[in-house]
Structure formats: structure tokens, C-alpha cells
Amino acid sequence: MKMHTTKQSLGAALAGERRQGRTIGFVPTMGALHEGHVSLMRRARGENAVVVASIFVNPLQFAPTDDLARYPRSLEADAALAAEAGVDHLFAPEVAEMYPHGSIATRVDVGPIGDIGEGAWRPGFFAGVATVCCKLFHIVAPDRAYFGQKDAQQLAVIRQLVADLDLPLEIVGCPTVREPDGLALSSRNTYLDPEARRAAPALAAALMAARDAAASGEESAEELRWTVKTCLEAEPGIRLQYVDLFDADSFSARERLDGRGILAAAAYVGGTRLIDNVDVVPAALPAEVRGR
Ligand code: AMP
């Protein structure tokens, strides 16, 4: 695996790969890699001749009150994991390489999807994500880019970005990797002290209870929200911030489950904010659509 810290070095290496007609798969990350990231890299390895991963903690998507300064960083361990997962080129630029003037004036406006769900609680977050992904897509020029369903709204934002701006790549969504007790893997799980780690799986359990209620015929978003809230009342270590139902394709907010949906939530576990989501499928949907 080759490490690159500059756009120029990565660009020169990839130009050589492209001249030989090799397809490029790309996995953008913020590092502190875990098996969730690794699953994306392995998928990319299986589907492309060349695999590029990036590690960049993007200041543009952090609010001043967010955890930018203390976000976990572990470049050496990350490089070992990426190499083992089959990554050919690891791009780990400094902030000054991506934003030479400290920041940039241009932002990708993602429209209404940026103001709901996560966006309602983190103003500007999805504009920051879309902007850095747009830059990275231009720098890497991949055939395919891989994103986790763990961040379902981010995946929807990126699909919209690529469609709206005619970016010439395919976006591949990959399933959420979980701990055996259901907790979705996340770099921020390293913040959890033992008591918070004990409480944390209750978020996934509550979402899965609501998913089961939907499978048994519950279609009201209010009732599904109520199921999640009630489950979490039994776990004083967790404070739910929001839980909302979205359409699985458009990611528009839904009050009734009238097609494939995504139930997404954020919660504070101790001082750590975690997000998670599950697919919810109405019982009334034909079997062939339910199994998608
Ligand atoms: P991050 O480093 O948190 O920005 O995540 C980089 C990519 O890994 C994103 O596409 C995430 O959705 C994905 N990812 C993070 N956690 C998981 C997980 N538990 N399972 C699958 N993909 C994940």
C-alpha cells in the first residue's frame, strides 16, 4: 500500500493506474478505522482493480461546539488495517492540503435534505460532507465510491449529489456492521466509558423493536417513535435526541410507513452522541419488495 499526503502524489499514481484501464474503487473515511470501514474496503477490493481509501477529519462538517479537536486519530493503526483490507493507495492529507487558505468559500448546497433528521440538529453538516466528498471525488476520480448505511442520510445526500451534479461515478451502499450485542460500530464508540458502553446497545435494540412492530403491521410514525422512546425509558444511561421515519429512497420525512422506510435516531450515551438507523418495511408490502 502506498501512502499519499498530497493531491499531486495521489494524482500521479492514479493517472498511471487509469492509463492501464484499471477501475478505481474509493472509500472515504475520517479514520479511527474499525470493521465497519474495513467492510467497505473489502467490498471495494472485490469489485475494482485499484482501491483508494482516504482519511481526512473534515473541519467543514464540524460545528464549533463539536468534537473536531478530540476526534480519535490513529494513523499508524489505520494504515495497517487498510493495507490488510487490500487498499492500494491511502490518501491522508493535512487540513492545509485540502483547504490551503484555512477554509473554502464554496459550499455544495444540498437543499431540504440538509435541514431534516441529522441536519436539523447539525446545521451545515451535510453541506460540509457534500463539499468534501465533491472535492475527493474530483481528486480520486473513482469509478465507484463506497458508503455505509450506518450513516443512511449521508448516503442519501451523496446519492443526490452525484445525481444532481452528474458526477461520473457509482455510489455503493454497504450494510451496517454491528458488535455482537447490536451496537453499530463507530469511531466515536472509543469515547464510551464502561458504563456508557453497557448502556449503548439499547439504542439499536429500541430501533429493532420498532422495526419488528412495523413488520407486524404498525404503520404510524408516531407509534414507531413511541416504541423507541418507551424502550429507551428503561435505560437511564441514554437520552434520546430524535427518532424519525424517512422514505428509504428519497429520504423525505414520513408520518406513515407507506413503502420501504428508514427509522433513524440520535442519542446521548453519557456525553457521547451516537446515531443509528434500521430499515423498516411495512407488513403490507409484497414479499418481493420486502426482501429487497
Ligand atoms: P466515518 O469515518 O465515520 O466518516 O465513516 C466512513 C464511512 O464508513 C462512511 O461511509 C460510514 O457510513 C461508514 N461506516 C461507519 N461505521 C460503519 C459501520 N458500523 N458499518 C458500515 N459502515 C460504516
Please answer whether the main-chain N or O of Phe91 pairs with a side-chain N or O of Ser54 as donor and acceptor at a distance below 3.5 Å.
no

Could you list the cluster mates of Tyr146? Members are the ILVMFWY residues connected by side-chain heavy atoms closer than 4.5 Å, either directly or through other members.
Met1, Met3, Val27, Leu33, Val38, Leu40, Met41, Val51, Ile55, Leu75, Leu81, Val87, Leu90, Val172

Can you classify the ring geometry of His4 versus His89 as parallel (below 30°), tilted (30 to 60°) or perpendicular (above 60°)?
tilted

Side chain of Thr29, backbone of Ala53: donor and acceptor closer than 3.5 Å?
no

Side chain of Ser252, backbone of Asp247: donor and acceptor closer than 3.5 Å?
no

Would you call Glu47 and Arg42 a salt bridge, using N to O less than 4.0 angstrom?
no

Given 3.5 Å as the limit, does a donor-acceptor pair link the side chain of Asp193 with the main chain of Ala196, or not?
yes

Main chain of Ala266, side chain of Asp276: is a donor-acceptor contact present, judged purely on distance under 3.5 Å?
no

Please list all pairs passing the salt bridge (charged side-chain N to carboxylate O under 4.0 Å, His left out) test where one or both residues lie in residues 13-32, with sequence neighbours left out.
Glu17-Arg22

Test side chain to side chain contact (heavy atoms under 4.5 Å, CB included) applied to Val50 and Ile24, Val140, Thr23, the passing residue:
Ile24

Please confirm whether the backbone N or O of Ser9 pairs with a side-chain atom of Thr6, one donor and one acceptor, at under 3.5 Å?
yes

Count I, L, V, M, F, W, Y as connected when their side-chain heavy atoms are under 4.5 Å apart, and connections chain through other members. Are Ile275 and Val280 then in the same cluster?
no

Under 4.5 Å between side-chain heavy atoms, chaining through other members, with only Ile, Leu, Val, Met, Phe, Trp and Tyr counted: pull out the rest of the cluster around Tyr71, sorted by chain and number.
Met30, Val57, Phe62, Leu68, Tyr191

Decide yes or no on salt bridge (Lys or Arg N to Asp or Glu O under 4.0 Å) for Arg225 and Asp244, but give the supporting numbers first.
CA-CA 7 Å; Arg225 276 196 288 266; Asp244 281 315; 3.2 Å; yes

Give the C-alpha distance, both sets of side-chain angles, the deciding distance and a yes or no for side chain to side chain contact (heavy atoms under 4.5 Å, CB included) between Trp121 and Ile116.
CA-CA 8 Å; Trp121 295 93; Ile116 59 173; over 6 Å; no

Any side chain to side chain donor-acceptor pair (under 3.5 Å) involving residues 197-218? Give me the pairs, sequence neighbours left out, ordered by first then second residue.
Asp181-Arg197, Glu195-Arg198, Arg198-Glu235

Within this structure, what is the CZ-CD1 distance for the pair Phe147 and Ile171, rounded to the nearest 0.5 Å?
5.0 Å

Under the 3.5 angstrom rule, does the side chain of His138 hit a backbone N or O of Lys135 as a donor-acceptor pair?
no

Side-chain atoms of residues 93-101: list all donor-acceptor pairs with protein atoms under 3.5 Å, sequence neighbours left out, distances to 0.1 Å.
unit_1 : atom_1 : unit_2 : atom_2 : d
Glu97  : OE2    : Lys7   : N      : 2.8
Tyr99  : OH     : Asn58  : OD1    : 2.5

Sorted by first residue and then second, give each salt bridge (charged side-chain N to carboxylate O under 4.0 Å, His left out) pair with at least one member in residues 49-75; sequence neighbours left out.
Asp66-Arg122, Asp67-Arg188

Say whether, by atom type as modelled, one donor and one acceptor occur between the side chain of Arg107 and the main chain of Ile104 under 3.5 angstrom.
yes

Quick check against the 3.5 Å criterion: does Ser39 have a side-chain atom that pairs as donor or acceptor with the backbone of Gly36?
yes

Glu223, CD atom: more than 12 neighbouring heavy atoms under 6.0 Å:
yes

Got a donor-acceptor contact below 3.5 angstrom from the Gln153 side chain to the Glu118 backbone?
yes

